[in-house]
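Inspection log for the structure reproduced underneath, given as structure tokens.
As the structure lists them, so they are numbered: ligands from 1, and atoms in each ligand from 1. Just so you know, these numbers use all the heavy atoms, side chains as well, and skip hydrogens, waters and symmetry mates. Nothing fancy with the numbering, it's 1 onward along the sequence.
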Amino acid sequence: MPKRLIPMILCLVLGLVLALGGTMVMAEGRQITLAAPKVLTENGFLKHLLPRFTLKHRVRVAVVPNGAAADVTLAPDGAGQAVFEGAGSRWHLSSLEDSAEIQRFSDWLTSDIGLNTVEAFEGPDGLQYTRVAIEAAAEEALDLTGDAANGLAVSNLHCKRCHVVGTADRMSGINSTPSFFVLRAFPDWDERFYSFYALNPHPSFTRITDLETKLDPMHKAAIVPVDLSLEDLDDIITYVAGLEPADLGAPIQLQ
Ligand code: HEC
């Protein structure tokens with residue numbers, strides 16, 4: 001490569017790093033507390049559920065012990081709205097107060113998207129939770145406020161190693177990895193992007209800085225970790241929203 005290209009590339013990388021650094025702040029104070037018994041914590045269920053909500057709505061959920069004062073409570077066979085059931089209990093959601101954040105959480109948990117997330121959980125010994133038939137809240141509208149240009153830049157930086165992310169690189173990527181065009185063709189493409197970091201193979205190398213997610217212990221030092229902020233993820237999703245979905249012909253099955 002010609003010598004004068006090297007400083008140019010360095011500048012570009014530095015620019016990107018600075019741009020990413022600037023977007024890593026999450027709105028302060030948007031947090032609610034959730035009281036739940038140990039069974040939901042110990043089997044990994046809340047760890048599966050809550051980050052997905054936080055990613056989408058920017059509201060952190062701090063879990064406090066059962067019985068402690070909390071904004072919302074998940075309790076078996078208690079008061080409130082029955083939401084899901086499993087392992088012999090029917091889980092009810094209740095809240096003492098009402099705030100925009102609390103409302104968001106209960107709307108999300110009782111929406112199709114929230115309930116799909118509940119049902120996607122696989123606990124020890126094949127434990128699963130299933131929704132209790134309730135009127136699902138209205139489908140959530142996709143809120144695309146990100147910066148598509150930054151979304152492309154971040155995708156080029158972090159995802160292009162494996163995925164085809166844009167028209168300029170149609171011929172690159174890894175064959176067995178779905179391109180962003182293919183992913184965009186799924187009706188639930190946005191859900192897949194909002195939770196990609198929790199789906200294999202990403203956990204072993206991806207950290208969402210705002211959520212303080214830890215790298216999987218399986219992480220191999222040879223793989224450069226991907227550090228993303230929630231802002232970056234929004235930008236990627238805004239970028240992907242504008243892509244033309246691949247024409248898949250017959251429905252294809254991923255996974
Ligand atoms: C080291 C390679 C690698 C990198 C880097 C990578 N991915 Fe992936 N990704 C994969 C593979 C492999 C799959 C297919 C997994 C499967 O189908 O089981 C996948 C699947 C996905 C899916 C579909 C998940 C689903 O619901 O099935 C999304 C969305 C996704 N990746 C987003 C991203 C984004 C965004 C980035 C960059 C921030 C990224 N990936 C970086 C390898 C990678």
Side-chain angles (χ1 to χ4, degrees), residues 13 16-17 19-21 23-24 48-49 51-56 112-122 140 142-246 248 250-255:
V13 169
L16 270 171
V17 168
L20 292 181
T23 57
M24 284 179 183
H48 159 91
L49 187 76
R52 287 165 163 82
F53 166 72
T54 302
L55 259 186
K56 195 145 186 195
D112 238 11
I113 287 171
L115 293 167
N116 285 342
T117 310
V118 167
E119 291 184 340
F121 172 70
E122 282 173 46
E140 290 183 283
L142 196 53
D143 179 19
L144 295 174
T145 50
D147 170 355
N150 185 53
L152 173 60
V154 175
S155 305
N156 275 330
L157 190 65
H158 289 312
C159 320
K160 203 165 91 175
R161 266 191 273 159
C162 306
H163 294 274
V164 168
V165 307
T167 36
D169 58 309
R170 279 262 158 145
M171 305 312 285
S172 69
I174 295 177
N175 264 342
S176 56
T177 306
S179 77
F180 278 15
F181 297 93
V182 165
L183 292 173
R184 177 66 183 79
F186 286 95
D188 60 346
W189 69 270
D190 55 317
E191 284 315 303
R192 291 170 186 258
F193 274 87
Y194 274 117
S195 53
F196 88 94
Y197 80 92
L199 303 170
N200 280 329
H202 309 101
S204 65
F205 56 84
T206 310
R207 283 180 295 209
I208 304 290
T209 46
D210 300 318
L211 297 182
E212 290 156 25
T213 52
K214 297 266 166 1
L215 280 185
D216 199 292
M218 297 295 286
H219 174 71
K220 297 191 185 61
I223 305 181
V224 181
V226 168
D227 283 322
L228 287 184
S229 67
L230 290 173
E231 238 30 86
D232 293 332
L233 190 56
D234 257 2
D235 293 349
I236 293 177
I237 289 166
T238 305
Y239 163 68
V240 174
L243 293 180
E244 185 166 341
L248 301 179
I252 70 161
Q253 222 68 54
L254 198 77
Q255 239 129 48

| query | Does the N or O separation between H202 and ligand 1 drop below 3.5 Å for any pair? | reply | yes

| Distance filter under 4.0 Å to P178 heavy atoms, resulting ligand 1 atoms | 13 (C), 14 (C)

| task | Enumerate the atoms of ligand 1 whose separation from the nearest heavy atom of C162 is less than 4.0 angstrom. | result | 1 (C), 2 (C), 3 (C), 4 (C), 5 (C), 42 (C), 43 (C)

| Counting heavy atoms only, which part of S155 comes closer than 4.0 Å to ligand 1: side chain, backbone, both or neither? | neither

| query | Hey, is S195 touching ligand 1 through its side chain, its backbone, both or neither, going by heavy atoms under 4.0 Å? | reply | neither

| Does at least one non-hydrogen atom of Y197 fall below 4.0 angstrom from an atom of ligand 1? | no

| remark: For F205, the atoms of ligand 1 under 4.0 Å from one of its heavy atoms are 1 (C), 3 (C), 4 (C), 5 (C), 6 (C)

| message | Quick check: R192 and ligand 1, any N/O pair under 3.5 Å apart? | response | yes

| Should the heavy atoms of other residues, nucleotides or ligands under 6.0 Å from CD of E122 be counted, would the total exceed 12? | no

| Where on W189 is there a heavy atom closer than 4.0 Å to ligand 1, on the side chain, on the backbone, on both, or on neither? | neither

| task | Please could you name the atoms of ligand 1 that L199 approaches to less than 4.0 Å, counting only its heavy atoms? | result | 24 (C), 25 (C), 26 (O)

| message | With a 4.0 Å cut-off on N to O distance, would you call R52 and E191 a salt bridge? | response | no

| ligand 1 atoms in contact with N200 (distance to a heavy atom under 4.0 Å) | 15 (C)

| request: Work out which heavy atom in Y194 is nearest to a heavy atom in D234; give both atom names and the distance. | output: OH-OD1, 3.7 Å

| Are any side-chain N or O atoms of D235 and backbone N or O atoms of D147, one a donor and one an acceptor, separated by less than 3.5 Å? | yes

| field | Whether H163 and F180 hold their rings parallel, tilted or perpendicular, with breakpoints at 30° and 60° | value | tilted

| query | Is the closest N or O pair between H163 and ligand 1 shorter than 3.5 Å? | reply | yes

| message | How close do N156 and K160 get, counting heavy atoms only, and between which atoms? | response | OD1-CD, 3.2 Å

| task | Measure the OG1-CG distance between T238 and L152 for me, rounded to the nearest 0.5 Å. | result | 12.5 Å

| note | Nearest heavy-atom contact between A185 and P245 is CA-CB, 3.7 Å

| With backbone taken as N, CA, C and O and side chain as the heavy atoms from C-beta onward, which portion of V154 lies under 4.0 Å from ligand 1: side chain, backbone, both, or neither? | neither

| Minimum heavy-atom distance between F186 and R192, given as atom pair plus value | CD2-NH2, 3.7 Å

| query | Taking non-hydrogen atoms only, is L228 closer than 4.0 angstrom to ligand 1 via side chain, backbone, both or neither? | reply | side chain

